[in-house]
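Worth knowing before you read on, the calculation uses all heavy atoms, side chains too, and leaves out hydrogens, waters and symmetry mates. Here is how names work: the chains are called A, B, and so on, in the same order as the sequence lines, proteins then strands, and each is numbered from 1.
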Number of protein chains: 2
Amino acid sequence: MASHSSTLFSSPPRAFAPPFSSHRLCFNLRFPRPINTKPNNHSLRCSVSIEKEVPETERPFTFLRDSDDNSTHSSSTSSVRARFEAMIRAAQDSVCEAIEAVEDGPKFKEDVWSRPGGGGGISRVLQDGNVFEKAGVNVSVVYGVMPPEAYRAAKGSASSDHKPGPVPFFAAGVSSVLHPKNPFAPTLHFNYRYFETDAPKGNTQNSLSKCKSTVFLFDFASFFFCQCLDVPGAPRQWWFGGGTDFTPAYIFEDDVKHFHTIQKQACDKFDPSFYPRFKKWCDDYFYIKHRDERRGLGGIFFDDLNDYDQEMLLAFSTECANSVVPAYIPIVEIRKDMEFTEQHKAWQQLRRGRYVEFNLVYDRGTTFGLKTGGRIESILVSLPLSARWEYDHKPEEGTEEWKLLDACINPKEWI
Amino acid sequence: MASHSSTLFSSPPRAFAPPFSSHRLCFNLRFPRPINTKPNNHSLRCSVSIEKEVPETERPFTFLRDSDDNSTHSSSTSSVRARFEAMIRAAQDSVCEAIEAVEDGPKFKEDVWSRPGGGGGISRVLQDGNVFEKAGVNVSVVYGVMPPEAYRAAKGSASSDHKPGPVPFFAAGVSSVLHPKNPFAPTLHFNYRYFETDAPKGNTQNSLSKCKSTVFLFDFASFFFCQCLDVPGAPRQWWFGGGTDFTPAYIFEDDVKHFHTIQKQACDKFDPSFYPRFKKWCDDYFYIKHRDERRGLGGIFFDDLNDYDQEMLLAFSTECANSVVPAYIPIVEIRKDMEFTEQHKAWQQLRRGRYVEFNLVYDRGTTFGLKTGGRIESILVSLPLSARWEYDHKPEEGTEEWKLLDACINPKEWI
């Protein structure tokens, strides 16, 4: 194992990291020394453990296992796992700093937790602030194994009598939902994630074929279900996913153009096909089927991306994460103090109801996380502080509310 | 076909009721004469059709097809379908009357709609009243056929090469959720439903076996999925389901005892095993798994009930529906004007958030209805006017909020 250092944190003390285990707990996290080193001024608090998570009183230097942590290497040779974790933690820091600067007083609260068998997360929430009703920015790192049912489903009728061994996987992501108070300031969501499998353990047969993976590392859910088989000795499989989308209650065309332009600029640095492709993917994903409308005005979304160079996709994800602040914060600065009426607020609350409907009914990470025992408070921090449902509400044609709804029903090209 | 009369409505004019059709529309509803006869003073309005529903401007005498409507018979010989529809419409009327009496001014708005191929419904909603934030009381009558997938799933490995014909079904129900404004007044939900299959059409094989039905006639959802096979010429299969449960934000023991006592009295008139059995069923059904808590303090719940005399179960369902007003209205009368603080209101809103979570994530009728194209506004009228989600909220031990939460986590015997 390599010794430690990092461009983000000071060198930590060595602690024993046990081999993977599905049993609860005893996973020693490695903390930076001195332990009071905190990159930001977030208050650190400890929450009660829910199910399988164990609260931690200190933010660790890394959530990686010893065997993955080659952070003494130069940045170009350290593992993608290590660099992705560093990237999402830096993104969490920079977004939280930008939000706190806008808030001018209120600070994020932080919960740190570890998971049995390895990994952990940092949840930061700022609630009922000056500008934001609720802002959540989470990172999580997860080690797990794919369930046997996934293997059986994947094998199908072509299965042999040999039982495949478990395939360990690694996943990490940053997720955020930012709900401002002012009804003219849009809600923002972003999430960037990386998934990787190890070679299967205890699997000696060569007949297993690779198959398409279904990854459920979404947003605040830290659980996964993957129909993926790996061939012993074959290179690890990996995927990138994520996106940034925004959800105004009222349309200001300048805001929408600015937001989409920043997304396009980030995409165009890597591939001119990315923006049109990921913009459409975003419109398709954030679709509330039972309403036949999208929850907002889109952005970019991609998933299971592995058909480009791995370094390029890591750089692309980093560029997207770095684009969140310039894409969003200027809009909030302009809109946060605009005067509004009770009717404007009620309409925002109705749109928040749609947000709740999408997240609880359709969002794969949320629904899967809720049903399989994810950390509930981290999963549901995406829900707004308050939401509203009026029976059979229909905005009058031509009104500002109607224009927003029309754009959610009929996605537009904004730039 | 029999001519019409009813104890509920005056004799209607005859109109042609077409044979079953899966195509949109052209189903003539039969209205009472004179057409301005309205049992209550609800304002009648017409909504825009959503998907397969067609708005109607008048409340029909019955939603039954001509072939089912033997309402000229004496009440003891008319079909269970006809008597169940009469019962649920009477229940809708009496509950709405009681709510309007409490409101002392505000009235329900009514939407009437028909469905392609037969059936229809009446949705009544009173929103932002003096006492109720949102009160919805719906009835629906549905004719349909079970999807072929249900047959295939039911046949399993014992299937023959013969394809079973479609099995027509009939279902009817009354559903209601009443959300008061005052945080000391509890939310109430009730739903009573009846399901019946016809003999399969176009099925000449005798090898099909009966199997357990899974009925999704829940609440505001008017959609069904049934793994049920019928033998040609065999008696129709039928089931009753339903329940009444209540969801306070604060516990007043007298209220809880009163509510459960009325439920028990209704049950005890029929079978002493009903109350304990259906009370536990209720606690089990309204379970928010990801929170490990129930949404409220229970009541009674039963489903797929067909192992008693059909007349007895019709009478039992009627008794339960008639018990709603005496079980609930006295509690609302006592609590509706109690003084409360912002903190009390915020806690009520948090519990409403749990209500939303249960309905959108677990409630079978809601989730199935949303995903298969039910009438959205009728399905989602069960959601409160407003709800709230605070990150990691935990009531302090010993407080009134903690006591409610404790009772939701550990269901109690109240009487």
Just verifying a value: how many Å separate [X] [atom1] and [Y] [atom2], rounded to the nearest 0.5 Å?
X: B:Tyr391; Y: A:Leu380; atom1: OH; atom2: CG; answer: 11.0 Å
X: B:Thr367; Y: A:Leu360; atom1: OG1; atom2: CG; answer: 12.0 Å
X: A:Leu385; Y: B:Glu390; atom1: CG; atom2: CD; answer: 6.0 Å
X: A:His290; Y: B:Ile379; atom1: NE2; atom2: CD1; answer: 8.5 Å
X: B:Lys289; Y: A:Ile376; atom1: NZ; atom2: CD1; answer: 10.0 Å
X: A:Glu133; Y: B:Trp389; atom1: CD; atom2: CH2; answer: 11.0 Å

Structural part of A:Arg352 lying under 4.5 Å from a heavy atom of chain B: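 Looking at A:Arg352, nothing touches chain B.
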
Engaged part of B:Gln349 at the chain A interface, taking heavy atoms whose separation is under 4.5 Å: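 Neither part.
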
Per-residue contact mode, B:Val361 against chain A (heavy atom under 4.5 angstrom):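 Both backbone and side chain.
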
